[in-house]
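If you're wondering where the values come from, they're calculated on a predicted model, not measured in any experiment.
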Protein chains: 2
Amino acid sequence: MKLLSLTRYYFNKHLYSTCSVKEILKSQPEGCKKKLKGWAKAMRKMKENIFIDLDDGSTHHRLQVVIPKNKVPASLTYGCSFEAIGVLVKNPSNKLELIAESINVHGPCVVQDGYPFAPRKTYNPDYVRQHLHIRPRTATFGCLLRLRNKMSTAVRNRFSNDNFVEINVPVLSSNDCEGAGEVFVVKPNNDSLIKEMISQNHHSLLETFFNGQTYLTVSGQLHLECMARALTKVYTLGPTFRAENSKSRLHLSEFYMIEAEQAFIDRTEELLGMIEKTTSTVVEKLLEESEDEIDHYRKMIGASEDNNPVNLLKVPYEVITYHKACDILERENCFKNAMIRGKPLTKEHELFLVKYNGQKPIFVVDWPKELKPFYTKTVPSNKALVSAVDLLCPNVGELCGGSVREDNHDILKEKLSLVGMEDKLDWYIELRKFGNVSTAGFGIGFERFLQVLLDIQNIKDTIAFPRWPHNCKM
Amino acid sequence: MKLLSLTRYYFNKHLYSTCSVKEILKSQPEGCKKKLKGWAKAMRKMKENIFIDLDDGSTHHRLQVVIPKNKVPASLTYGCSFEAIGVLVKNPSNKLELIAESINVHGPCVVQDGYPFAPRKTYNPDYVRQHLHIRPRTATFGCLLRLRNKMSTAVRNRFSNDNFVEINVPVLSSNDCEGAGEVFVVKPNNDSLIKEMISQNHHSLLETFFNGQTYLTVSGQLHLECMARALTKVYTLGPTFRAENSKSRLHLSEFYMIEAEQAFIDRTEELLGMIEKTTSTVVEKLLEESEDEIDHYRKMIGASEDNNPVNLLKVPYEVITYHKACDILERENCFKNAMIRGKPLTKEHELFLVKYNGQKPIFVVDWPKELKPFYTKTVPSNKALVSAVDLLCPNVGELCGGSVREDNHDILKEKLSLVGMEDKLDWYIELRKFGNVSTAGFGIGFERFLQVLLDIQNIKDTIAFPRWPHNCKM
């Protein structure tokens with residue numbers, strides 16, 4: 001049957017994509033004529049020629065475009081977008097550059113009209129962050145976005161190489177999980193829709209749409225536990241939310257978590273292996289594939305040598321129990337907030353332990369049960385402790401938390417009924433009733449992982465569109 | 001410095017992972033002694049032995065475990081979890097099976113105690129979906145979860161092979177985007193936190209936390225347009241939300257979208273190439289790597305031969321203009337709801353056009369501007385039309401929508417001021433002021449893509465935890 005009614009004149013050409021700087025640096029097509037498109041990031045006027053750094057975002061490298069002064073359009077200025085046609089030749093320092101025969105400006109950029117960045121100036125991250133929509137065009141943040149993408153690829157590869165199945169856990173959830181923090185609730189914006197939907201069940205406005213209050217997820221763990229009881233090994237990498245009034249350099253209202261859960265695991269030691277395999281494999285892959293860009297980025301932001309990502313490769317990591325850690329902290333006793341045994345460690349305590357360990361990652365295990373959520377399993381040899389672990393790292397302190405989960409149906413039911421959550425989590429309890437298995441798992445803050453790798457001070461500079469109290473721009 | 005305080009007795013063993021059925025079928029370790037762990041999915045009692053199908057979720061294949069009757073624990077029943085130790089041998093039909101010397105039941109399963117599935121019974125999807133937490137253990141849904149994971153991997157590979165950078169667009173957004181549908185709003189659940197945070201700005205309760213009303217994203221497109229103006233090629237694969245009171249077999253309140261945006265593209269034809277390269281590359285990869293599991297799944301759900309995924313490989317797809325499509329639909333005139341020129345196509349019209357095209361995908365281009373959002377670019381030769389495209393496919397109708405974006409600063413500003421959104425989207429307009437480029441992009445409904453590939457009738461059966469009006473379980 002013929003119904004073709006629009007001839008696709010361009011079909012042979014329509015898969016044509018702009019030749020990127022990355023491709024050119026890879027294939028080194030010296031002597032070839034090419035068309036390049038990107039943004040002018042630096043310009044140097046010499047006697048006869050103008051030298052322009054072209055950045056197309058495909059790599060942190062820029063390609064130098066050379067063109068005679070008389071062929072330069074007036075609108076070719078810092079920040080403009082343009083295309084250049086010319087021949088690629090090697091310059092005296094053996095780098096490819098484009099000797100352009102023509103340049104065509106797509107979109108001019110008049111800095112005086114309010115462009116937030118001027119040529120040859122550096123700005124501090126707080127200023128740059130005020131211009132979220134232009135921030136990706138800065139050298140620093142362009143790098144960050146590419147490296148963030150590479151990290152998520154490395155995370156997914158680490159798990160799929162080990163036969164974990166990625167699960168899209170829900171953002172909308174009828175449970176507020178572990179009481180791990182304040183939650184957001186959602187409702188339709190359209191009040192007349194809500195009125196239309198209200199049933200005889202006397203739901204409140206917040207309960208109408210979904211027949212119950214609905215929260216933004218704070219963790220996919222409980223959902224992953226359900227999946228591990230069918231697929232054995234599962235993980236997720238997605239957004240999670242906290243409605244906390246914290247503006248610290250380590251917290252966001254919307255952030256990403258790597259969470260993994262594995263069935264048939266019932267010992268803390270196996271869990272530690274899962275965690276350090278994740279951090280070390282991911283960092284190893286990143287250093288292998290992107291060392292150049294990582295170094296470039298770290299140099300631009302003035303990263304400290306103290307926090308060296310190579311330290312994450314050295315497995316096995318040191319392990320210390322909560323109480324031994326307390327012994328050390330008590331001995332030191334040099335903190336703004338003194339350590340109180342039986343209470344959580346503060347950021348200051350965490351960072352001290354990392355420093356004490358030579359700026360290398362360290363696991364803290366065997367926590368008092370009062371400090372960890374209901375789902376953590378009691379240590380067989382000591383009923384006051386649970387099989388939970390925190391992994392502490394340079395720059396951020398806690399990077400990862402995990403535990404062996406309580407898999408005894410009756411114990412879990414009792415724990416949940418004590419906190420009045422027995423009915424809400426009936427499905428979670430029932431997982432232990434049929435074909436039950438032990439499981440263990442962990443969660444790594446994805447942005448904090450970037451902070452450790454790249455020594456980024458403020459978590460708001462690790463994500464394209466940061467959200468924190470009083471701030472949800474764009 | 002030595003602070004190691006917990007000996008890791010198990011370190012040499014702790015990376016030991018259960019030998020999975022998938023690994024065994026791949027490496028075929030005939031004659032080897034292995035330990036396997038999983039769930040009993042079918043049991044056949046013969047004279048001397050019992051034959052058990054072990055399913056560990058790593059593959060759709062099950063491994064047959066054979067054990068003498070006298071060695072079988074009483075608790076080994078359908079649905080239980082167990083481990084078996086034995087030697088792998090080839091059976092008469094040349095398949096590996098485990099001749100077990102011992103079996104140890106981890107978690108029993110007493111069907112009479114309320115397990116929703118009984119052995120040797122099949123259930124319709126509506127029933128299975130009522131037991132979301134046990135659903136992953138069914139053969140059908142286990143397959144779906146693995147195939148969903150494989151599709152997201154294939155999507156990410158298609159883009160990263162072509163140097164697109166994945167961007168995590170925000171779930172929380174201060175704009176409700178394109179007016180594409182009803183939106184959800186969010187607020188902290190804790191009212192005393194809100195009171196604490198209320199400023200002198202007289203924000204309402206819904207505006208306090210973020211200093212403005214905050215929505216769940218309906219599309220990452222506008223954010224991707226910002227990124228394409230720095231990195232040239234960007235994409236995202238993440239959750240999006242609609243607060244619509246629709247319970248159709250094609251809609252969810254929370255669903256995933258593949259969205260891509262590319263700079264320096266200004267022709268519909270190039271956009272069509274981007275789209276069909278995505279659908280055809282992903283399907284090609286899936287058929288190459290998972291044809292066996294796809295066939296198995298399609299057979300289990302009784303998929304129609306009419307909807308054959310091979311049709312998605314045949315690029316270029318046919319193209320028809322909106323008005324030519326109307327001509328055909330007018331001629332036919334056999335619809336429940338008649339086609340009205342100038343109005344949107346209904347699902348019935350869409351599916352008719354696909355059928356008319358031999359059940360192959362078809363692009364509909366050149367839409368009346370009234371039918372598409374503000375950001376679509378006018379067709380140069382006809383001011384009444386815009387450069388927008390819908391891709392129609394078997395089973396679902398619209399799978400994908402895309403457009404060349406309006407890149408003219410003044411035209412866009414005028415369009416937005418007409419709908420009163422000029423102030424809210426000032427950043428979006430400003431993208432066109434500095435170093436502007438043309439961009440084009442598209443969005444593919446990820447779950448609908450699975451519906452097309454696997455011929456799944458109800459979208460609720462494509463996602464682990466479906467959310468729709470009155471339903472947000474777990």
Sort out for me which residue in Phe241(B), Phe184(B), Trp468(B) forms a ring-ring contact (aromatic ring centres under 6.0 Å, His included) with Phe210(A).
Phe184(B)

Any donor and acceptor pair, going by atom type alone, linking the side chain of Asn189(B) with main-chain N or O of Val185(A) inside 3.5 Å?
no

With heavy-atom distances below 4.5 Å as the criterion, would you say the side chains of Arg467(B) and Phe209(A) are in contact?
no

If we ignore hydrogens and angles and just use 3.5 Å, is the side chain of Glu254(B) paired with the main-chain N or O of Val171(A) as donor and acceptor?
yes

With heavy-atom distances below 4.5 Å as the criterion, would you say the side chains of Tyr256(A) and Asn168(B) are in contact?
yes

At a 4.5 Å cut-off on heavy atoms, which part of Leu431(A) comes close to chain B: side chain, backbone, both, or neither?
both

Bottom line for Val110(A): the part with an atom under 4.5 Å from chain B's heavy atoms is backbone

Between Glu225(A) and chain B, which part of the residue has a heavy atom less than 4.5 Å away: side chain, backbone, both or neither?
neither

Below 4.5 Å from any heavy atom of chain B, which atoms of Leu193(A) appear? Answer side chain, backbone, both or neither.
side chain

Restricting to non-hydrogen atoms, name the atom on Asn163(B) and the atom on Lys22(A) that form the minimum distance, rounded to 0.1 Å.
OD1-NZ, 3.0 Å

Contact origin within Ser152(A) toward chain B - heavy atom pairs under 4.5 Å
side chain

Part of Leu216(A) lying under 4.5 Å from any heavy atom of chain B:
side chain

Tell me, for Tyr215(A) versus chain B, whether the close heavy atoms (under 4.5 Å) come from the side chain, the backbone, both or neither.
side chain

Interface moiety of Arg156(A) toward chain B, non-hydrogen atoms closer than 4.5 Å
side chain

Close side-chain approach of Thr232(B) and Lys37(A), heavy atoms under 4.5 Å:
no

Side chain to side chain contact (heavy atoms under 4.5 Å, CB included) partners for Lys360(A), two or more places apart
Asn311(A), Lys314(A), Asn357(A)

If only atom types and distance count, is the side chain of Lys433(B) paired as donor or acceptor with the main-chain N or O of Gly114(A) below 3.5 Å?
no

Which atoms form the tightest heavy-atom contact between His223(A) and Met474(B), and what is the distance?
NE2-C, 3.4 Å

Looking only at non-hydrogen atoms, find the nearest pair between Cys226(B) and Pro136(A) and report the distance.
SG-CG, 4.1 Å

Are Leu206(B) and Lys187(A) side-chain neighbours, meaning at least one heavy-atom pair lies under 4.5 Å?
yes

Does a side-chain heavy-atom distance below 4.5 Å link Thr214(B) with Cys472(A)?
yes

Assign the ring pair Trp39(B) / Phe264(A) to parallel, tilted or perpendicular, where the plane angle (0 to 90°) is split at 30° and 60°.
tilted

Hey, does His470(A) have a side-chain heavy atom less than 4.5 Å from the side chain of Met197(B)?
yes

Just so I know, are the side chains of Glu182(B) and Pro188(A) near enough to count as touching, which here means a heavy-atom distance under 4.5 Å?
no

In the structure I gave you, are the side-chain heavy atoms of Arg146(A) and Leu231(B) within less than 4.5 Å of one another anywhere?
yes

